Amino acid sequence: MTDTLVVEESVDRVVVTLSRPDVRNAIDQQMVTELHQVCAELEADPRILLLTGSGGTFAAGADIAQLRERRRDDALRGINSGLFDRIRRLPMPTIALVEGYALGGGAELAYACDFRVGTPTARIGNPEPGLGILAAAGGTWRLVELVGEPVAKEILLAGRVLDADEAHALRLLNEVVEPDDLLAAGHRWADRIAKQAPLAVRLTKSVFHAPREAHPVIDDLAQAVLFETTDKHDRMTAFLERRKEKK
């Protein structure tokens, strides 16, 4: 446990709980620093990340008291945007478990993850313009990739907050489960990922997010690496043996 996070590690995954329940897990500088430390560990030892919040809230946004005092140079440092981009680029998939509010920076943190599982209480939105700022940590471009331009503009420009059903219908939430089942649902998604060949998952994620001009060269290079692995040979051999047994 750190000052703002509870971290539980296992062989193939890490569960990180945002733990500032008195301020609805608002993302402050200390939490940013500690999440960077988690990222460094996962870059060195790639594992699936499950990210959740304490006290019935994912994250209600950035810490407004700190945000109010930030100036031009702070914005140019990309405090939150740099962190969320690092989370997006983690080698293995990331899963956000969204209960209650995921607003502002909290929503942008969820957008940066590969999967999002929510509860019926989930509320997702970006109210930044109401505070005189914009969603500068990925919301203005990542959200449109996730839900499309019309809905993204409703959220970013008109303050629309999605409930769980709306977010699920838009596939912003991959699944909606009851609160008591949220962590277990996250582990079920992690289990599905963990059944795949780890290096194949890592390279697929990298290729998926590569710029268009990198294709098809990056696809061929990644496939060339995988063609040489023992895991590929063993898994294909097992597949062929199973098919032979069914005949």
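Source: prediction; values computed, not measured.
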Problem set entry | P198 and R202, any side-chain heavy atoms less than 4.5 Å apart | no
Exercise. Is atom OH of Y101 surrounded by more than 12 heavy atoms (other residues, nucleotides or ligands) closer than 6.0 Å?
Worked result: no
Exercise. Between the side chain of T229 and the main-chain N/O of V225, is any donor-acceptor distance below 3.5 Å?
Worked result: no
Exercise. Is Q196 reaching over with its side chain to a backbone N or O of R192, donor-acceptor style, under 3.5 angstrom?
Worked result: yes
Exercise. With hydrophobic residues grouped by side-chain heavy-atom distances under 4.5 Å, do V16 and V23 end up in a single group?
Worked result: no
Problem set entry | Distance in Å, F58 CZ paired with I124 CD1, rounded so as to fall on 0.5 Å steps | 9.0 Å
Seminar exercise, completed: In this structure, CD1 of I95 is separated from CD1 of I193 (nearest 0.5 Å) by 4.0 Å
Exercise. Is a side-chain donor or acceptor of E175 paired with a backbone partner of A185 at a separation under 3.5 angstrom?
Worked result: no
For this session: Check whether L5 and F84 end up in the same hydrophobic cluster, where Ile, Leu, Val, Met, Phe, Trp and Tyr are linked by side-chain heavy atoms less than 4.5 Å apart.
Result: yes
Exercise. Out of I155, L162, V98, which residue meets the side-chain contact (heavy atoms from CB on, under 4.5 Å) rule with L172?
Worked result: L162
Exercise. If you measure from the Lys or Arg side-chain nitrogens to the Asp or Glu carboxylate oxygens, is any gap between R13 and D191 under 4.0 Å?
Worked result: yes
For this session: Please determine, by modelled atom types, if T121 and T119 share a side-chain donor-acceptor pair under 3.5 angstrom.
Result: yes
Exercise. When you measure from the side chain of E128 to the backbone N and O of I133, does any donor-acceptor pair fall under 3.5 Å?
Worked result: no
Exercise. Rounded to the nearest 0.5 Å, how far apart are CG of D231 and CE of M236?
Worked result: 10.5 Å
Problem set entry | ILVMFWY cluster, L67 and L156 together (side-chain gap under 4.5 Å) | no
Exercise. Do I218 and H215 touch side chain to side chain, with heavy atoms closer than 4.5 Å?
Worked result: yes
Problem set entry | Separation of L226 CG from L221 CG (nearest 0.5 Å) | 11.0 Å
Exercise. If only atom types and distance count, is the side chain of E108 paired as donor or acceptor with the main-chain N or O of A137 below 3.5 Å?
Worked result: yes
Exercise. Do E41 and Q37 get their side chains close enough for a donor-acceptor pair, meaning under 3.5 Å?
Worked result: no
Exercise. Is D163 reaching over with its side chain to a backbone N or O of R123, donor-acceptor style, under 3.5 angstrom?
Worked result: no
Problem set entry | Side chain proximity check, N174 to H168, heavy atoms < 4.5 angstrom | no
For this session: Please say whether more than 12 non-hydrogen atoms of neighbouring residues, nucleotides or ligands are located less than 6.0 Å from CZ in R24.
Result: no
Exercise. Knowing that exactly one of Q30, R68, R20, Q29 qualifies, which makes a side-chain hydrogen bond (donor to acceptor under 3.5 Å, both in side chains) with D63?
Worked result: R20
Problem set entry | Side chain E34, main chain D3, donor-acceptor under 3.5 Å | yes
Exercise. Does CZ in R72 sit with more than 12 non-hydrogen atoms of other residues, nucleotides or ligands closer than 6.0 Å?
Worked result: no
Exercise. How far apart are the closest heavy atoms of A110 and R116, and which atoms are they?
Worked result: O-NH1, 3.0 Å
Exercise. How about R86 and H36: does a side-chain donor come under 3.5 Å of a side-chain acceptor?
Worked result: yes
For this session: Please check if atom CZ in R235 has more than 12 non-hydrogen atoms from other residues, nucleotides or ligands closer than 6.0 Å.
Result: yes
Exercise. Hey, any chance M31 and I79 share a hydrophobic cluster, counting ILVMFWY side chains that come within less than 4.5 Å of each other, even indirectly?
Worked result: yes
For this session: Kindly work out whether a path of hydrophobic side-chain contacts (I/L/V/M/F/W/Y, heavy atoms less than 4.5 Å apart) joins L146 to V117.
Result: no
Exercise. Is any side-chain N of the basic residue among R77 and D74 closer than 4.0 Å to the acidic one's carboxylate O?
Worked result: yes
For this session: Using atom types as modelled and distance alone, determine if a side-chain donor or acceptor of T52 lies under 3.5 Å from a backbone N or O of T17.
Result: no
For this session: Please answer whether the main-chain N or O of A200 pairs with a side-chain N or O of T204 as donor and acceptor at a distance below 3.5 Å.
Result: yes
Seminar exercise, completed: For G125 and A107 the tightest heavy-atom approach is O-CB, 3.4 Å
Problem set entry | Test item: I48 and W189 side chains (from C-beta on) under 4.5 Å apart, heavy atoms | no
Exercise. Hey, is the main chain of L18 close enough, under 3.5 Å, to the side chain of S54 for a donor-acceptor pair?
Worked result: yes
